[in-house]
There are 2 protein chains.
Amino acid sequence: MGTRGVSHRDAECPVARTVDVIGDRWSLLIVRDVLDGIHRFSELQRNLGLAKNILATRLRELVNQGILELVPAADGSAYQEYALTGRGRELFTVIVALRKWGEHHLFAEDERHSDLLEITSRQPVELHVTNAAGQPVTAEDAFVRKVSEG
Amino acid sequence: MGTRGVSHRDAECPVARTVDVIGDRWSLLIVRDVLDGIHRFSELQRNLGLAKNILATRLRELVNQGILELVPAADGSAYQEYALTGRGRELFTVIVALRKWGEHHLFAEDERHSDLLEITSRQPVELHVTNAAGQPVTAEDAFVRKVSEG
DNA sequence: CCGTATCCATTCCGATACTG
DNA sequence: CAGTATCGGAATGGATACGG
C-alpha cells in the first residue's frame, strides 16, 4: 500500500487516498481484529488464517502509516503487541460501514452473522449519513465539489 | 473478488464478506465514480486511468454481484451504461466513511481536497455512529457478539 | 513467541492490438 | 463506443525453514 500512489486525477479525492492506504485484502481485517481486542501477532495470525510473512508485512505497513503502533504487552510478558493509534481507531466508522452493508446485502434471511452492539445497552450500533441538522442524507441528496470548483 | 472466499473463521463476519466482495483496488473507486454520475465505460476508463481489460473485468464482477447493472444509455445512444442497483447505492455509506477518514488523516492542513456536500444546503455531509437513541458511539463503546454467543 | 528469509505459484495489472 | 484477446512484468500470497 501507499507504494502505488493515487492516479493523477485522483490526487484530490480522499476516497482514493484511503483506498490506497487500506484498500487491500488484509489491512481492514487486521484493523477489525485489533478493534475486537486481538493484539498479539500469533492471535492475529490464527484468527485471520494468513501466512506469517504476509501478516508481518501488513503490520509493518500499518505501523508505517500510523494506524497501528507497537506497545508493551498488557500481560507483562517480554513481548510487544499491536495497538491502534488515534488515526487507526477512527477507522471504526469504516469498519462499521462495511459491516452494516454486509449484514444487509450478503446474508440470507435465515443466515446468522455476528453483531456489533453497544456495550451498555447491548443494542446494535447504527450508522447515519446526515446533513448539519442531523437529517438523513442519501446518495441522491449529495454531490462532490471539486477543489477547482471552489 | 468473491473467488477467494472468506476464511473459515470469518464466515459469520459481515466485514469479511464485504471486503471479499469490494475489497480490491478498483471496485470502490468505480462505485464512487458511478455515484458521482459517471456511467459510461469510456468515461470510467478515462477518469480512473486503468486499462480497458481490467475495467471490463471489474465491471463484470460488479454486475455479477448485483452492485451495478447495465441500462440503456440516458442520452438515447445505441449503447448501454452502468447504473447502481439498490444494493450498490447503499455502498454510499462506505464511500462516505472512506472519504471522511481520508479527509481527516491523509491531507495536510494546507492541502485541499474535494468535498461531499448536501445539494440543498451546500454544507458537508456528516457521518455518525450512534446507539438506538442517536447518541454517539465510539470504538470503545462497542463490542462484537459472535453468533455462538447468541 | 515473534518474526525474517527464501522459494514458488497465483493473481493482478498495464500496454497493445484487434473486433463488432 | 465498448469491449475482447494476448502477452509480459509486477505484486501478492502461501509454505516452509530458520533465528533472536
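Source: prediction; values computed, not measured. Residue numbers start from 1 in every chain, and the chains themselves are labelled A, B, ... in the order their sequence lines are given, proteins ahead of strands.
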| query | C:dC13 phosphate, OP1 or OP2: any side-chain N/O from B:Trp26 under 4.0 angstrom? | reply | yes

Pairwise N/O distances under 3.5 Å, protein to nucleotides 2-5 of chain C:
{"from": "C:dC2", "atom 1": "OP1", "to": "A:Arg40", "atom 2": "NE", "distance (Å)": "2.3"}
{"from": "C:dC2", "atom 1": "OP1", "to": "A:Arg40", "atom 2": "NH2", "distance (Å)": "2.9"}
{"from": "C:dC2", "atom 1": "OP2", "to": "A:Ser42", "atom 2": "N", "distance (Å)": "3.4"}
{"from": "C:dC2", "atom 1": "OP2", "to": "A:Ser42", "atom 2": "OG", "distance (Å)": "3.1"}
{"from": "C:dG3", "atom 1": "OP2", "to": "A:Tyr82", "atom 2": "OH", "distance (Å)": "3.1"}
{"from": "C:dG3", "atom 1": "N7", "to": "A:Lys52", "atom 2": "NZ", "distance (Å)": "3.1"}
{"from": "C:dG3", "atom 1": "O6", "to": "A:Lys52", "atom 2": "NZ", "distance (Å)": "2.6"}
{"from": "C:dT4", "atom 1": "OP2", "to": "A:Arg60", "atom 2": "NH2", "distance (Å)": "3.2"}

| field | Distance, rounded to the nearest Å, where A:Leu55 contributes CG and D:dT12 contributes C1' | value | 15 Å

| request: Determine: side-chain N/O of A:Arg58 to OP1/OP2 of D:dG13, distance under 4.0 Å, yes or no. | output: yes

| remark: CG of B:Asn131 to CG of A:Leu117, rounded to nearest 0.5 Å, is 12.0 Å

| Interatomic distance where CG belongs to B:Asp75 and C1' belongs to D:dA2 [whole Å] | 14 Å

| task | Please state how far atom CD1 in B:Ile38 lies from atom P in D:dC1, giving the value in whole angstrom units. | result | 15 Å

| said: Check A:Glu43 with A:Arg46, please: is the shortest side-chain N to carboxylate O separation under 4.0 Å? | reply: no

| Nearest-Å distance, CD1 (A:Ile54) to P (C:dC8)? | 17 Å

| With side chains defined as the heavy atoms from C-beta onward, is the minimum distance between B:Phe92 and B:Leu116 less than 4.5 Å? | yes

| said: What is the distance, to the nearest angstrom, from the CD atom on A:Gln45 to the P atom on D:dT16? | reply: 12 Å

| remark: Atom CG of B:Asp24 and atom C1' of C:dT11 are separated, to the nearest Å, by 12 Å

| note | Rounded to whole Å, the CG-P distance (B:Asp20 to C:dT11) equals 14 Å

| request: Calculate the interatomic distance between B:Ile30 atom CD1 and C:dC13 atom C1'; express it in whole Å. | output: 13 Å

| query | Is the shortest heavy-atom distance from the side chain of B:Arg87 to the side chain of A:Trp101 under 4.5 Å? | reply | yes

| task | Could you tell me whether the side chain of B:Val21 reaches within less than 4.5 Å of the side chain of B:Arg17, counting heavy atoms only? | result | no

| task | Just jot down the side chain to side chain contact (heavy atoms under 4.5 Å, CB included) partners of B:Ala108, sequence neighbours excluded, or say none. | result | B:Asp110, B:Glu111

